[in-house]
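What follows is one structure encoded as structure tokens, with my remarks underneath.
Note that the coordinates shown come from a computational prediction; the quantities given were computed from them, not determined experimentally.
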Amino acid sequence: VTAGEEEAEMRERMRAYERMIKQSQALRENVEMNNERNVTLEEELRKMSEMLEAAGEREEEMQGRLARAQEQLEEARKARAFSEQGWTAATKKLESYLREGEER
């Protein structure tokens, strides 16, 4: 293996690391966005629950809204879990590449 080939391989490895870092950052941002959405949905759910208690005559309508909010919250939680899994996997892969690079 020539010095030029070794340098090209190192540059390619660095580009791969950079891509993985960008992917990891994008996934992290996605997790943060989902967390913010969850906070918002939980707050809406809490407010809707309070409104339901205060407005017995509109109970049916509010229960429908509450059910939809709960479904959205569950979907958001699933999306967050999925994003966190992807972020964790990307981070582990990056750590593996970095260890592999240090060993060389």
Side-chain angles (χ1 to χ4, degrees):
V1 177
T2 68
E5 290 172 331
E6 206 171 67
E7 186 177 76
E9 184 180 323
M10 183 62 77
R11 276 195 305 269
E12 181 54 39
R13 203 174 303 130
M14 290 306 294
R15 281 192 292 271
Y17 293 155
E18 288 170 0
R19 281 192 304 273
M20 290 178 66
I21 287 169
K22 285 180 185 177
Q23 288 174 341
S24 179
Q25 289 169 339
L27 286 167
R28 184 78 215 141
E29 289 170 14
N30 196 324
V31 167
E32 290 170 2
M33 188 175 67
N34 283 331
N35 285 343
E36 290 171 7
R37 183 171 176 226
N38 285 358
V39 168
T40 300
L41 289 171
E42 287 170 349
E43 182 64 21
E44 287 178 18
L45 185 59
R46 185 190 60 76
K47 287 178 185 177
M48 287 181 190
S49 293
E50 291 173 1
M51 288 170 48
L52 180 60
E53 291 174 18
E57 69 275 3
R58 294 184 358 197
E59 185 175 344
E60 244 181 68
E61 176 188 344
M62 295 308 291
Q63 284 178 344
R65 287 184 184 183
L66 182 59
R68 285 190 295 278
Q70 288 171 327
E71 289 169 4
Q72 288 177 336
L73 179 58
E74 188 57 36
E75 287 174 17
R77 284 181 175 148
K78 288 177 185 176
R80 182 184 75 193
F82 181 77
S83 294
E84 286 175 346
Q85 287 172 351
W87 181 72
T88 301
T91 301
K92 286 181 181 177
K93 193 170 186 182
L94 176 60
E95 289 171 353
S96 169
Y97 275 53
L98 291 173
R99 275 195 304 278
E100 182 181 307
E102 288 174 0
E103 291 171 8
R104 289 182 183 208

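Listed here is the closest heavy atom pair of Asn38 and Leu73: O-CD1, 4.0 Å. The two atoms that bring Met48 and Ala69 nearest to each other are SD-CB, 4.0 Å, heavy atoms only. For Thr91 against Ser24, the heavy-atom pair with the smallest separation is OG1-OG, 3.5 Å.
For Thr88 (side chain) and Glu84 (main-chain N/O), a donor-acceptor pair under 3.5 Å exists by modelled atom type. For the pair Tyr97 (side chain) and Tyr17 (backbone), a donor-acceptor distance under 3.5 Å is absent.
Take Asn30 and apply the side chain to side chain contact (heavy atoms under 4.5 Å, CB included) test, not counting sequence neighbours, and it matches Met33, Asn34, Ser83.
Pairs engaging residues 13-22 under the salt bridge (charged side-chain N to carboxylate O under 4.0 Å, His left out) rule: Glu9-Arg13, Glu12-Arg15, Glu12-Arg19 [sequence neighbours left out].
Both Leu98 and Ile21 belong to a common hydrophobic cluster when Ile, Leu, Val, Met, Phe, Trp and Tyr are linked at side-chain heavy-atom distances under 4.5 angstrom.
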For this session: Evaluate the salt bridge (Lys or Arg N to Asp or Glu O under 4.0 Å) criterion for residues Glu43 and Arg46: first the C-alpha distance (whole Å), next the side-chain angles of each, then the deciding distance (0.1 Å), finally the verdict.
Result: CA-CA 5 Å; Glu43 182 64 21; Arg46 185 190 60 76; 2.3 Å; yes
Problem set entry | Check against side-chain contact (heavy atoms from CB on, under 4.5 Å), Arg68 and Arg65 | CA-CA 5 Å; Arg68 285 190 295 278; Arg65 287 184 184 183; 3.4 Å; yes
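Between atom CE of residue Met14 and atom CD of residue Glu7 there is a gap of 12.5 Å, rounded to the nearest 0.5 Å. In this structure, CD on Gln72 lies 6.5 Å from CZ on Arg37, to the nearest 0.5 angstrom.
Side chains of Leu41 and Leu45 form no contact here, defined as non-hydrogen atoms less than 4.5 Å apart.
A salt bridge is defined here as a Lys NZ or Arg NE, NH1 or NH2 lying under 4.0 Å from an Asp or Glu carboxylate O, and Arg77 with Glu42 meets this definition. One finds no salt bridge joining Glu95 and Lys92 here, because no Lys/Arg side-chain nitrogen approaches an Asp/Glu carboxylate oxygen to under 4.0 Å.
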